[in-house]
Amino acid sequence: MSTKKIILIIVGIIVVLGLIVALFVGGIAFFVFRTIGHSEAADQARTYLRNNEKLKQDIGEVDDFGSIVSGNINVSNGDGVATLYLKVYGAKKTVNARVDLAYRSNRNWRVTDASYESDGKTIELMQPYEPAPSP
């Protein structure tokens, strides 16, 4: 066998192994994004954003959401927390939103914080607790 054939065989094996690794990693990434995007937490985040009046004032009626929902969901012993990032398409403009959710004792997900980026500014969608009135 000539040196040229040996090099071609080695390069071929490396290319095939690279494709196998890429398909494996791509499959895992697809599964993770699909699982997060179709979770109850993501559904609750979409519902909250679709109905938020402050967001509607800025971007108009929410038309759709991006197909990729990223972030993390952690569940342990019947309690869970999640931070999700969604692209929100409105009638006037498109923004990137962040929604924090939590649930306790296997109850429904609840939004604990939400914000979005617009024109380089972060706009909070939930009003923080106001200080107690002075006596």
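Since this is a predicted model, take the numbers as computed values, not measurements.
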Show me the side-chain donor-acceptor pairs of residues 73-81 shorter than 3.5 Å, one per line, residues at least two apart or across chains.
{"unit_1": "Asp79", "atom_1": "OD1", "unit_2": "Ser105", "atom_2": "N", "d": "2.9"}

Checklist outcome for this item: By salt bridge (charged side-chain N to carboxylate O under 4.0 Å, His left out), Lys93 pairs with (sequence neighbours left out) Asp58, Asp119
Item to check | Where at least one partner belongs to residues 102-111, residue pairs that pass salt bridge (charged side-chain N to carboxylate O under 4.0 Å, His left out), sequence neighbours excluded | outcome: none
Checklist entry - Is the closest side-chain heavy-atom distance between Arg98 and Leu84 below 4.5 Å? => result no
Item to check | Name of the residue among Val95, Ile68, Val69, Asn96 meeting side-chain contact (heavy atoms from CB on, under 4.5 Å) with Lys87 | outcome: Asn96
Item to check | Test side-chain hydrogen bond (donor to acceptor under 3.5 Å, both in side chains) applied to Glu117 - qualifying residues, sequence neighbours left out | outcome: Thr122
Item to check | salt bridge (charged side-chain N to carboxylate O under 4.0 Å, His left out) against Arg46, all qualifying residues, sequence neighbours excluded | outcome: Asp43
Next on the checklist: Per the ring pair (Phe, Tyr, Trp, His ring centres under 6.0 Å) rule, what does the pair list look like for residues 62-99, sequence neighbours excluded?
Outcome noted: none
Next on the checklist: Taking side-chain hydrogen bond (donor to acceptor under 3.5 Å, both in side chains) as the definition, give me every residue that meets it alongside Tyr103, ordered by chain and number, with sequence neighbours left out.
Outcome noted: none
Item to check | Connected-component partners of Val16 among ILVMFWY, side-chain separation under 4.5 Å | outcome: Ile20
Next on the checklist: To the closest 0.5 Å, what do you measure between OH (Tyr48) and CG (Leu101)?
Outcome noted: 10.0 Å
Checklist entry - Are any non-hydrogen side-chain atoms of Lys54 and Ile123 less than 4.5 angstrom apart? => result yes
Checklist outcome for this item: Going by chain and number, the hydrophobic cluster around Val21 (ILVMFWY, side chain to side chain under 4.5 Å) further includes Val25
Checklist entry - Minimum heavy-atom separation for Glu124 to Asp113, with atom names? => result OE1-OD1, 3.1 Å
Checklist entry - Given the rule in the side-chain contact (heavy atoms from CB on, under 4.5 Å) test, do Asn108 and Gln44 qualify, once you have shown the distances and angles that lead to the verdict? => result CA-CA 9 Å; Asn108 293 333; Gln44 183 63 32; 5.9 Å; no
Checklist entry - Can you check whether Ile59 reaches Thr94 side chain to side chain, under 4.5 Å on heavy atoms? => result no
Checklist entry - Atom NZ of Lys56 and atom CG of Leu49: how far apart are they, to the nearest 0.5 Å? => result 11.0 Å
Next on the checklist: For the CD1 atom of Ile9 and the NZ atom of Lys4, what is their distance to the nearest 0.5 Å?
Outcome noted: 13.0 Å
Checklist entry - Among all residues two or more places apart in sequence or in another chain, which pass the side-chain hydrogen bond (donor to acceptor under 3.5 Å, both in side chains) test with Thr83? => result Asp100
Checklist entry - Should Ile10 and Leu17 be regarded as members of a common hydrophobic cluster, given that ILVMFWY residues are connected when their side-chain heavy atoms come within less than 4.5 Å of each other, either directly or indirectly? => result yes
Item to check | Qualifying residues under side-chain hydrogen bond (donor to acceptor under 3.5 Å, both in side chains), relative to Asp64, sequence neighbours excluded | outcome: none
Checklist entry - Using links of under 4.5 Å between side-chain heavy atoms of ILVMFWY residues, direct or through other members, which residues join Val15 in one cluster? => result Ile7, Val11, Leu19
Checklist outcome for this item: Scanning both residues in full, the closest heavy-atom pair of Thr112 with Ala102 reads CG2-CB, 3.9 Å
Checklist entry - Any donor-acceptor pair under 3.5 Å linking the side chain of Asn51 with the backbone of Thr47? => result yes
